2 protein chains.
Amino acid sequence: MEVLAAHVLRRGLRMTRQRKTIAEVLLATDGHLNIDQLYQAVRQRDPNVGYATIYRTLKLLTECGLASNAHFGDGAARFESMMHRHHHDHLICTACGLIVEFENDDIEVLQERVCRDHGFVMSAHKMEIYGLCARCRGAATGQREHVD
Amino acid sequence: MEVLAAHVLRRGLRMTRQRKTIAEVLLATDGHLNIDQLYQAVRQRDPNVGYATIYRTLKLLTECGLASNAHFGDGAARFESMMHRHHHDHLICTACGLIVEFENDDIEVLQERVCRDHGFVMSAHKMEIYGLCARCRGAATGQREHVD
DNA sequence: TTAGGTGCAAACCCTTTGCTTTCTA
DNA sequence: TAGAAAGCAAAGGGTTTGCACCTAA
């Protein structure tokens with residue numbers, strides 16, 4: 001929250017009630033929120049906030065590193081708080097939609113190496129593994145596995 | 001192409017001129033195509049093909065494993081042929097948009113392990129590393145690095 | 001001959017923008 | 001008080017769908 005305040009200040013912007021609410025809701029969340037979920041949660045606290053404000057604020061939060069957005073291939077963006085968190089990647093169940101976060105330092109090291117080998121300087125990365133979670137694997141063996 | 005024919009046959013569908021053309025164009029391509037590029041290329045051979053057919057055929061090709069689609073975070077899907085190719089991941093330059101493909105077996109192994117540790121059975125994965133390519137790094141040191 | 005497929009245009013969905021009003025600094 | 005932000009609605013851009021006509025099998 002202080003990070004947002006600083007960012008806002010530095011750029012001569014204003015700290016509004018809506019920005020505070022959206023930031024609080026997002027930072028208090030611990031998994032992934034899609035836009036609708038965030039919108040609903042924010043409106044429980046402040047019933048007149050519109051989608052435009054959500055989007056505009058999310059952009060701001062992403063700029064100052066408090067949020068990050070992830071497209072999981074289904075067209076709808078999801079956001080997550082970056083507060084107090086390590087970088088992590090995602091395991092996504094293609095049957096039930098479960099999203100599990102994981103961190104793996106060995107992979108990170110290899111990614112850095114790949115970058116170096118190609119002359120790149122890495123600024124970010126994103127890794128998503130799709131598959132069936134333990135539950136879905138057990139529940140429906142003939143289940144459709146689809147990654148689009 | 002035989003794969004598509006088989007898929008089509010198996011499902012009682014038809015092998016149309018348009019499907020052939022789209023499959024040929026895609027399979028002959030070696031990098032990434034966005035929908036517009038594919039559309040243009042297909043229409044050079046068959047001027048009346050519409051977007052709907054492109055989308056519908058791409059869905060078919062993805063189902064039978066001949067194509068895969070990748071959202072690189074900018075809202076527009078890109079497709080690539082899966083023919084005769086290893087799985088690979090992507091390095092993306094955030095300044096010039098250059099996309100470099102790479103393969104890294106060590107990372108693949110670690111991904112499998114992560115899956116196993118979480119009880120998942122992996123069906124697919126996607127890894128994108130964002131950064132500055134050698135050229136852009138040299139050209140513009142103050143360049144904005146943005147990953148959305 | 002008869003489903004399935006195509007093309008076109010309209011519909012959709014998510015996101016962004018324009019404009020007027022409201023409110024922070 | 002000035003200029004940024006909100007809220008609403010309309011516009012945009014990519015993708016999907018409905019429907020009448022066409023075509024592979």
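Everything numeric in this text was worked out from a predicted model, so none of it was measured. Naming: A, B, ... by sequence-line order, numbering from 1 per chain.
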Let me know, please, whether B/Val8 or B/Tyr51 comes out on the 5' side of the other along DNA chain D by nearest nucleotide.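 Looking at DNA chain D, the more 5' nearest nucleotide goes with B/Tyr51.
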Apply the side chain to side chain donor-acceptor pair (under 3.5 Å) test between A/His90 and each candidate in A/Arg78, A/Glu128, A/His32; give the one that qualifies.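 In the set A/Arg78, A/Glu128, A/His32, the residue that makes a side chain to side chain donor-acceptor pair (under 3.5 Å) with A/His90 is A/His32.
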From [atom1] of [X] over to [atom2] of [N], roughly how many Å is that when rounded to an integer?
| X | N | atom1 | atom2 | answer |
| --- | --- | --- | --- | --- |
| A/Tyr55 | D/dA5 | OH | P | 20 Å |
| B/Gln18 | C/dG4 | CD | C1' | 12 Å |
| B/Lys59 | C/dT6 | NZ | P | 13 Å |

Hphob cluster co-occupancy, B/Val109 + B/Ile129, side-chain heavy atoms under 4.5 angstrom: no
Kindly say if A/Thr16 contacts the phosphate of D/dA6, meaning a side-chain N or O under 4.0 Å from OP1 or OP2. yes
Quick one: list whatever passes side chain to side chain donor-acceptor pair (under 3.5 Å) with A/Arg17, sequence neighbours left out.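 A/Arg17: side chain to side chain donor-acceptor pair (under 3.5 Å) contacts with A/Asp46.
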Determine whether the side chains of B/Gln111 and B/His125 contain a donor N or O and an acceptor N or O closer than 3.5 Å. yes
With a 4.0 Å cut-off on heavy atoms, is B/Arg17 in touch with a base, just the backbone sugar-phosphate, or nothing at all?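 It contacts nothing in the nucleic acid.
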Nearest heavy atoms of A/Val8 and A/Met15, plus distance in Å: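 Heavy-atom minimum between the residues: CG1-N, 3.8 Å.
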Between the opening five pairs and the closing five pairs of the helix from C/dT1-D/dA25 to C/dA25-D/dT1, how far apart are the helix axes, to 10°?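 Axis-to-axis angle, ends of the helix: 30°.
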Do any of residues 38-48 of chain B sit with a heavy atom less than 4.0 Å from DNA chain C, and if so which?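 Heavy-atom contacts with DNA chain C come from B/Asn48.
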Between A/Cys133 and A/Val100, is there a side-chain heavy-atom distance shorter than 4.5 Å?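 Answer no - side chains too far apart.
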